[in-house]
Amino acid sequence: MKLDPVTFEVLRNALSSLCDEGSEMIARLAYAPTISEGHDHSCAVLTPEGRLVAHGNRDQAPHIGSFEPSVNVVRKWIDNKFEPGDVYIFNDPYSGGTHCNDVKLIRPIFYKNKLVAFNSCTGHWPDVGGALPGSFNPKAVDCYSEGLRIPPMRLFKEDQLDKTVMALIEYNMRTGRERIADIYAQHRAGHLVEKRLLELMERYGDNTIGTLFNDVFDYTEEMFRKQVTKLPDGVFEFEDFSDQDIM
């Protein structure tokens with residue numbers, strides 16, 4: 001690692017703390033009981049290349065696994081043409097999401113007109129349309145029976161809500177007005193994460209934070225390799241089953 005151990009630990013934990021702070025804001029502001037009471041929400045920081053570098057300590061494992069694919073889908077969808085204050089909404093399980101109920105707000109973060117990171121805030125919405133309330137349909141024979149699929153769409157420009165996109169979402173969900181509250185909760189959480197990350201960059205410099213990102217990956221790889229060496233030699237197998245529907 002390039003950073004000294006003390007600076008590395010301070011900043012690594014600072015990243016986790018700002019993600020925890022963002023997650024707590026989602027829980028406090030959201031209307032959805034799945035978020036406020038069920039704690040089904042997550043908040044993460046990713047590099048400009050879309051690599052996950054930090055997340056909250058209480059985040060959901062399925063969310064963590066989908067942060068990188070979701071951000072990279074958005075990056076490719078708009079050809080990396082981001083502007084400060086942009087926020088994209090996304091939930092499509094067929095191109096990087098988990099299931100339709102897990103709705104992500106993805107914010108590019110800029111420092112001195114340079115893209116330095118992404119924030120992704122995920123919340124499990126109680127209903128996203130489809131044939132049945134709650135959007136869990138055991139009789140579904142295709143994805144259209146399960147809920148509204150949202151491709152990467154710019155929901156905020158210069159941090160101002162696009163009311164047309166919001167109306168489309170609101171009109172296709174049973175509790176659309178409550179979902180507006182959830183959107184604002186996730187939006188404000190992303191704004192807070194951006195503020196905290198920029199405060200770190202002002203204090204330590206963007207080069208130091210960029211070095212931190214790379215050091216986190218090296219540190220994680222080293223820890224993983226140490227755990228793998230503890231496994232006995234051999235072949236390990238398992239079976240799993242998954243359903244499939246018709247797109």
Side-chain angles (χ1 to χ4, degrees), residues 1-26 41-61 63-76 78-88 90 96 104-122 152 154 156-159 186-226:
M1 297 189 299
K2 294 182 179 179
L3 296 178
D4 66 87
V6 174
T7 302
F8 173 74
E9 282 299 316
V10 169
L11 293 179
R12 182 174 70 90
N13 284 280
L15 291 181
S16 295
S17 294
L18 64 86
C19 290
D20 284 337
E21 196 172 355
S23 290
E24 184 63 23
M25 176 168 280
I26 297 174
H41 57 86
S42 302
C43 192
V45 172
L46 299 95
T47 69
E49 298 75 31
R51 298 182 66 190
L52 178 64
V53 71
H55 58 78
N57 289 297
R58 297 184 64 187
D59 284 358
Q60 299 293 322
H63 297 173
I64 295 171
S66 68
F67 278 131
E68 286 191 4
S70 297
V71 169
N72 285 317
V73 165
V74 176
R75 291 176 63 236
K76 293 177 182 178
I78 68 161
D79 197 25
N80 274 328
K81 296 177 181 177
F82 297 103
E83 298 291 339
D86 285 350
V87 178
Y88 285 80
F90 174 78
K104 294 179 174 65
L105 261 61
I106 296 171
R107 167 189 286 271
I109 298 176
F110 288 81
Y111 180 72
K112 295 181 179 179
N113 297 318
K114 177 185 176 183
L115 179 65
V116 294
F118 285 95
N119 165 252
S120 181
C121 288
T122 303
R154 186 166 61 184
F156 289 83
K157 181 179 181 180
E158 296 180 350
D159 278 316
Q186 291 174 234
H187 173 260
R188 296 313 300 171
H191 192 274
L192 177 62
V193 168
E194 178 183 62
K195 178 182 177 182
R196 294 289 186 257
L197 183 60
L198 294 183
E199 287 172 351
L200 288 178
M201 290 190 170
E202 284 290 339
R203 182 173 179 179
Y204 293 93
D206 55 324
N207 289 333
T208 298
I209 300 303
T211 301
L212 169 69
F213 290 172
N214 291 324
D215 281 357
V216 167
F217 298 136
D218 292 340
Y219 173 80
T220 303
E221 180 181 352
E222 182 181 350
M223 293 299 101
F224 178 77
R225 288 180 179 276
K226 286 182 177 180

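- Contact annotation: the side chain of F8 approaches that of V216 to within less than 4.5 Å [non-hydrogen atoms, C-beta and beyond].
- Residues forming a salt bridge (charged side-chain N to carboxylate O under 4.0 Å, His left out) with E158 (at least two apart in sequence, or on another chain): none.
- Taking 4.5 Å as the limit, every side-chain heavy atom of Y204 sits out of range of all side-chain heavy atoms of L3.
- Other residues, nucleotides and ligands place more than 12 heavy atoms under 6.0 Å from the CZ atom of R196.
- Between V116 and M201 the shortest side-chain heavy-atom distance falls below 4.5 Å.
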message: The test is side chain to side chain contact (heavy atoms under 4.5 Å, CB included); show your working for E83 and K157 and say whether it passes.
response: CA-CA 8 Å; E83 298 291 339; K157 181 179 181 180; over 6 Å; no
task: Tell me, with the steps shown, if R203 and E199 meet salt bridge (charged side-chain N to carboxylate O under 4.0 Å, His left out).
output: CA-CA 6 Å; R203 182 173 179 179; E199 287 172 351; over 6 Å; no
message: If you apply the rule salt bridge (charged side-chain N to carboxylate O under 4.0 Å, His left out), what do you find for D86 with K81, and how did you get there?
response: CA-CA 10 Å; D86 285 350; K81 296 177 181 177; over 6 Å; no
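- Although no hydrogens or angles enter the test, the distance criterion places a donor-acceptor pair under 3.5 Å between the side chain of S70 and the main chain of G96.
- Here I26 contributes atom CD1 and C121 contributes atom SG; the two are 4.0 Å apart, rounded to the nearest 0.5 Å.
- Between the N119 side chain and the A44 main chain, a donor and an acceptor come within less than 3.5 Å of each other.
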- request: Could you walk me through whether N57 and S16 pass the side chain to side chain donor-acceptor pair (under 3.5 Å) test, one step at a time?
  value: CA-CA 7 Å; N57 289 297; S16 295; 5.1 Å; no
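- Between the side chain of S42 and the backbone N or O of Q60 there is at least one donor-acceptor pair closer than 3.5 Å.
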- request: List the steps, then state whether side chain to side chain contact (heavy atoms under 4.5 Å, CB included) holds for L15 with L197.
  value: CA-CA 8 Å; L15 291 181; L197 183 60; 3.9 Å; yes
task: Take R75 and V71 through the test side chain to side chain contact (heavy atoms under 4.5 Å, CB included) and record every step on the way to the result.
output: CA-CA 6 Å; R75 291 176 63 236; V71 169; 4.0 Å; yes
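- For F67, the ring pair (Phe, Tyr, Trp, His ring centres under 6.0 Å) test picks out no residue, with sequence neighbours left out.
- Between H191 and R107, some side-chain heavy-atom pair lies under the 4.5 Å cut-off.
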message: Go through it in stages, so that I can follow the logic: the residues are V74 and F118, the test is side chain to side chain contact (heavy atoms under 4.5 Å, CB included), and I'd like the CA-CA distance, side-chain angles, deciding distance and then a yes or no.
response: CA-CA 11 Å; V74 176; F118 285 95; 6.0 Å; no
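- Applying the ring pair (Phe, Tyr, Trp, His ring centres under 6.0 Å) criterion to H187, with sequence neighbours excluded, gives F156.
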- request: For the pair E222 and R225, evaluate salt bridge (charged side-chain N to carboxylate O under 4.0 Å, His left out) and give the outcome as yes or no after the intermediate values.
  value: CA-CA 5 Å; E222 182 181 350; R225 288 180 179 276; over 6 Å; no
